[in-house]
Amino acid sequence: MLSFEQALEKLLAAAQPVEEIRSLPITAAAGRILAVSQQSTVAVPPLDNSAMDGYAVRVADITAAGVCLPVSQRIPAGTVGTSLQPGTAARIFTGAPVPAGADAVIMQERCEHGENGVVINHLPRDGENIRRAGEDISVGAEILKAGTKLRPQEIALAAAAGLPELPVYRRVRVGVFFTGDELVQPGEPLPPGAIYNSNRYALRALLEGMGCEVRDLGAIADTLEATRDALRRAAADNDLVLTSGGVSVGEEDHVKPAVEAEGSLNMWKIAIKPGKPLAFGEIRKADGKAWFLGLPGNPVAAFVTFLTMVRPFILRLQGAASVSPRILNLPCASVWSRADGARLEFLRGWLNDDGAVELYKNQGSAVVTSLCWSDGLVLNPPGNTIAVGDTVRFVSFAELLS
């Protein structure tokens with residue numbers, strides 16, 4: 001069996017970002033992956049400005065607390081005042097440019113109105129409450145690196161730097177379909193021996209949550225010809241074809257021979273639990289190829305394998321520079337004595353109020369309730385048992401689903 005790290009390395013080595021780049025207004029760029037590093041067109045802030053509502057002064061004029069200075073001008077945000085005359089103060093508001101000659105801003109709470117001006121009840125230091133021009137961003141500075149996922153904070157930074165548009169990779173297109181005569185769609189009657197198809201809806205939601213364009217071909221008849229036809233249709237307009245189940249060697253498992261007929265396939269056994277079987281290959285199409293990934297059929301195995309294997313593969317297709325989730329070292333509040341001797345286990349766990357991980361009682365690969373109960377996954381090494389208080393490696397669903 002391949003180790004988890006070996007399998008992931010093979011996947012990521014194959015993936016390359018989609019080639020098409022689109023320039024989008026920053027109002028439409030959130031959640032996309034930046035394709036080209038960006039530089040600021042302006043200094044931020046563009047001029048020295050006030051960090052407070054108060055009075056701009058010359059430090060040399062404040063020889064003692066209680067000095068009264070005449071107010072020579074008023075400077076609201078968005079206007080530029082005149083040079084500050086010695087022996088005077090300027091009424092100034094947050095964000096307004098500091099007038100030439102002033103070297104401190106005294107917050108209004110340390111001042112009071114006097115008969116002949118403003119009384120300064122504070123001895124200022126040079127530069128007090130002044131934001132210097134360019135202290136956040138200098139002109140031409142690189143502010144966003146290629147491969148960055150554009151969160152609201154990156155959009156704010158782009159706007160602050162005067163960038164109206166950003167070049168991003170186009171969305172990754174994924175075709176999905178599902179085989180299995182036992183699968184029934186929610187809302188339909190459930191015959192004896194049938195099960196509702198949860199993987200279809202889970203995988204769609206996961207893909208859409210990653211910003212993919214999803215083409216759902218639905219349920220496919222359990223025949224070789226129908227499966228080959230579905231592969232051709234799914235590959236035609238997509239970068240990736242994703243399925244779950246049906247990739248073993250049974251008489252009713254047609255995905256494997258269908259993929260081999262329409263392209264090429266590697267069947268991997270990965271030393272992870274749940275999710276040992278994974279199929280990776282490619283489907284031929286007129287303008288090249290589409291990648292193929294076949295996930296296990298059990299719902300928890302499909303979900304976990306998507307998060308740990310498919311997610312980083314898609315992130316690489318999207319052009320993301322970082323594809324590895326942040327892993328935390330946390331105390332465990334549960335006992336785990338049924339360690340698998342050969343496989344890395346992804347155990348579902350919940351964070352209690354003390355910040356410790358509690359493990360779900362039933363770690364079966366078909367127990368969908370464990371996914372809803374849990375906050376994330378414990379990465380438990382092969383053969384490792386866990387006692388209360390032991391440190392475990394934990395990755396949150398918030399990290400994996402962001």
Donor on one side chain, acceptor on other, Ser396 and Asp375, under 3.5 Å: no
Pair Trp336, Gln363: side-chain N/O donor-acceptor within cut-off below 3.5 Å: no
Ring geometry between Phe303 and Phe397 (parallel below 30°, tilted from 30 to 60°, perpendicular above 60°): perpendicular
Lys NZ or Arg CZ of Arg311 over Phe313 ring: under 6.0 Å, within 45°: no
Min side-chain heavy-atom separation Leu293-Val241 under 4.5 Å: no
Heavy-atom donor-acceptor pair, Asn129 side chain to Val105 backbone, under 3.5 Å: yes
Pairing of Arg170 and Asp239 as salt bridge, 4.0 angstrom limit: yes
Verdict with supporting geometry, Val367 and Thr369, side-chain contact (heavy atoms from CB on, under 4.5 Å): CA-CA 5 Å; Val367 185; Thr369 50; 3.3 Å; yes
Nearest non-hydrogen partners of Thr79 and Ile75, listed with the distance: O-CG2, 3.6 Å
Shortest non-hydrogen contact between Leu34 and Pro167, atoms and distance: CD1-O, 3.3 Å
Side-chain donor-acceptor contact under 3.5 Å, Ser370 with Arg348: yes
Atom of Ser40, atom of Ser138 and distance for their closest heavy-atom approach: CB-O, 3.9 Å
Donor-acceptor pair, side chain of Asn298 and main chain of Val300, under 3.5 angstrom: no
Residues Val310, Ile314; criterion side-chain contact (heavy atoms from CB on, under 4.5 Å); working and verdict: CA-CA 6 Å; Val310 180; Ile314 290 176; 3.7 Å; yes
Arg22 to Tyr169, cation-pi by 6.0 Å centre distance and 45° axis angle: no
Expected output: side-chain Thr305 to main-chain Ala302 donor-acceptor under 3.5 Å: no
Close aromatic pair by centroid cut-off 6.0 Å: Phe346 and Phe4: yes
Inter-residue atom distance Ile106.CD1 - Ile120.CD1, 0.5 Å rounding: 4.5 Å
Derivation of the salt bridge (Lys or Arg N to Asp or Glu O under 4.0 Å) call for Glu135 and Arg131: CA-CA 7 Å; Glu135 72 173 30; Arg131 302 173 181 141; 5.7 Å; no
Check: Asp216 side chain, Gly218 main-chain N or O, donor-acceptor pair, under 3.5 Å: yes
Nearest-0.5 Å distance, CD1 of residue Ile143 to CG of residue Leu157: 4.5 Å
Check: Ser37 side chain, Ala146 main-chain N or O, donor-acceptor pair, under 3.5 Å: yes
Note, Phe178 side chain near Leu203 side chain (heavy atom, < 4.5 Å): yes
Arg215 bridged to Glu213 by N-O distance under 4.0 Å: yes
Contact summary for Leu278 and Leu11, nearest pair of heavy atoms: CD2-CD1, 4.3 Å
CD1-CG distance between Ile26 and Leu150, expressed to the nearest 0.5 angstrom: 10.5 Å
Arg233 to Leu217 - nearest heavy-atom pair and separation: NH1-CD2, 3.6 Å
Evaluation steps, side-chain contact (heavy atoms from CB on, under 4.5 Å), between Ile92 and Asp53: CA-CA 6 Å; Ile92 195 167; Asp53 290 346; over 6 Å; no
From CZ (Phe394) to CG (Leu377), nearest 0.5 Å: 7.5 Å
Euclidean distance, Ile62 CD1 relative to Arg125 CZ, rounded to 0.5 Å: 14.5 Å
Short side-chain donor-acceptor distance under 3.5 Å, His254 and Glu225: no
Any donor-acceptor N or O pair under 3.5 Å, side chains Glu358, Ser334: no
Trace of the side-chain contact (heavy atoms from CB on, under 4.5 Å) decision for Leu359 with Val335: CA-CA 8 Å; Leu359 300 177; Val335 172; over 6 Å; no
Beyond-backbone contact of Ile386 with Asn380, side-chain heavy atoms, under 4.5 angstrom: yes
Leu231 vs Val259 side-chain heavy atoms within contact, under 4.5 Å: yes
Within 6.0 angstrom of Asp353 CG, more than 12 heavy atoms from elsewhere: no
Flag side-chain contact, heavy atom, 4.5 Å: Ser72 against Leu84: yes
Aromatic centroids of Trp268 and Phe280 separated by under 6.0 Å: yes
Identified side chain to side chain contact (heavy atoms under 4.5 Å, CB included) partner of Leu379 from the options Asn384, Val392, Ile272, Leu344: Leu344
Donor-acceptor pair, side chain of Glu165 and main chain of Leu24, under 3.5 angstrom: no
Backbone of Ala205 reached by a side-chain donor or acceptor of Glu208 within 3.5 Å: no
Sidechain-backbone polar pair: Gln318 side chain, Arg171 backbone, donor-acceptor under 3.5 Å: no
Donor-acceptor under 3.5 Å (Arg204 side chain, Val176 main chain): no
Donor on one side chain, acceptor on other, Arg200 and Gln185, under 3.5 Å: yes
Arg91 versus Gln108, side-chain donor and acceptor atoms under 3.5 Å: yes
Minimum-distance pair of heavy atoms, taken over all atoms of Ala333 and Asn352: CB-ND2, 3.8 Å
Any Asn329 side-chain heavy atom under 4.5 Å of Arg393 side chain: yes
Asn121 and Arg110: side chain donor to acceptor below 3.5 Å: no
Close side-chain approach of Pro331 to Thr391, heavy-atom, < 4.5 Å: no
Over 12 non-hydrogen atoms of neighbours within 6.0 angstrom of CD in Glu19: no
Short side-chain to backbone donor-acceptor contact, Asn266 and Gly281, under 3.5 Å: no
Any side-chain heavy-atom pair of Val119 and His113 under 4.5 Å: no
Approximate separation, where rounding is to 0.5 Å, of Arg338 CZ and Thr385 OG1: 12.0 Å
